[in-house]
S.K.: 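Shown below is the structure under consideration.
The first residue in the sequence is number 1, and the count goes up from there.
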Amino acid sequence: MRSVRRCSRTGCANPAVATLTYAYADSTAVVGPLATYSEPHSYDLCEEHAMRLTAPRGWEVVRHQGEFVAPEPTVDDLTALAEAVREAGRADRSIEPELPAGSGRRGHLRVLPDPRDD
């Protein structure tokens, strides 16, 4: 299940409802509905920051007309959550991954056999 995406503005913990993308060639900032996936060159914004966004002099802001609404969980999200809970509750699932013989595991480090012992 997707976790709730938060506003990209520093210090803001509100849920994101809009996505800001810059079109540098056109000197335009585009504020639209929340994108399905978080993109590396776009910014998630809460409703307050999406509505109050201003652009530098000479830039244009193109803003979605209408309300910004938080996305509802989809059937896929709920199914993924149910499967994760089911998998976590299985009594027969292996906690530790299978390791080659002669190696041990300590936390995130792996102890390998001395190559001179071969």
Side-chain angles (χ1 to χ4, degrees):
M1 181 170 138
R2 292 183 302 231
S3 61
V4 175
R5 287 166 36 196
R6 300 285 175 202
C7 183
S8 297
R9 296 289 302 258
T10 304
C12 183
N14 293 327
V17 296
T19 298
L20 166 64
T21 307
Y22 291 106
Y24 292 99
D26 299 325
S27 299
T28 304
V30 180
V31 180
L34 186 64
T36 306
Y37 298 100
S38 181
E39 297 289 332
H41 300 290
S42 62
Y43 303 90
D44 295 337
L45 299 174
C46 65
E47 185 172 14
E48 178 184 354
H49 288 122
M51 297 306 289
R52 291 181 41 201
L53 179 85
T54 59
R57 187 177 315 218
W59 280 62
E60 181 182 0
V61 176
V62 175
R63 198 179 320 267
H64 168 73
Q65 296 299 314
E67 293 183 21
F68 292 108
V69 293
E72 294 292 324
T74 65
V75 173
D76 292 340
D77 291 337
L78 298 175
T79 301
L81 176 61
E83 289 174 1
V85 169
R86 187 177 308 119
E87 180 66 24
R90 280 188 34 213
D92 64 335
R93 75 181 177 106
S94 173
I95 302 296
E96 289 293 321
E98 296 295 322
L99 298 174
S103 66
R105 185 166 171 87
R106 295 183 183 155
H108 67 282
L109 301 176
R110 204 178 270 181
V111 178
L112 299 176
D114 191 340
R116 294 175 288 185
D117 292 343
D118 289 336

S.K.: Following the transitive rule for hydrophobic clusters with a side-chain heavy-atom cut-off under 4.5 Å over Ile, Leu, Val, Met, Phe, Trp and Tyr, establish whether Met51 and Val17 coincide in one cluster.
M.R.: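 Yes.
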S.K.: Is it the case that one hydrophobic cluster holds both Val30 and Tyr37, taking links as side-chain heavy atoms less than 4.5 Å apart, direct or via other members?
M.R.: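 Val30 does not cluster with Tyr37.
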S.K.: One pair to check against side chain to side chain contact (heavy atoms under 4.5 Å, CB included): Thr54 and Val61. What are the steps and the verdict?
M.R.: CA-CA 7 Å; Thr54 59; Val61 176; 5.8 Å; no
S.K.: What pair of heavy atoms forms the shortest contact from Ala35 to Arg5, and how long is it?
M.R.: O-NH1, 2.9 Å
S.K.: Over all heavy atoms of both residues, which pair between Asp44 and Ser38 is shortest? Give the atoms and the distance, please.
M.R.: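 That closest heavy-atom pairing would be OD2-OG, 4.1 Å.
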S.K.: Run through Cys7, Ser8, Pro15 and flag the one making a side chain to side chain contact (heavy atoms under 4.5 Å, CB included) with Cys46.
M.R.: Cys7
S.K.: Output every pair passing salt bridge (charged side-chain N to carboxylate O under 4.0 Å, His left out) with a member in residues 45-62, not counting sequence neighbours, ordered by first then second residue.
M.R.: Glu48-Arg52
S.K.: List the atom of Thr28, the atom of Asp26, and the distance in Å for their closest heavy-atom pair.
M.R.: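 What the structure gives for the nearest pair is OG1-O, 2.9 Å.
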S.K.: Check this for me: Arg63, atom CZ, are more than 12 non-hydrogen atoms of other residues, nucleotides or ligands nearer than 6.0 Å?
M.R.: yes
S.K.: What's the shortest heavy-atom distance between Gly32 and His64, and which atoms?
M.R.: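 Residues Gly32 and His64, closest heavy atoms: CA-CB, 3.9 Å.
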S.K.: Leu20 and Val31: side chain to side chain contact (heavy atoms under 4.5 Å, CB included), yes or no, with the steps?
M.R.: CA-CA 5 Å; Leu20 166 64; Val31 180; 3.9 Å; yes
S.K.: Consider only side-chain heavy atoms of I, L, V, M, F, W and Y, link residues closer than 4.5 Å, and tell whether Tyr22 and Leu45 are in one cluster.
M.R.: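 They do share one cluster, since a chain of ILVMFWY contacts under 4.5 Å joins Tyr22 to Leu45.
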S.K.: Measuring from His41:NE2 to Tyr24:OH, what's the distance to the nearest 0.5 Å?
M.R.: 9.0 Å
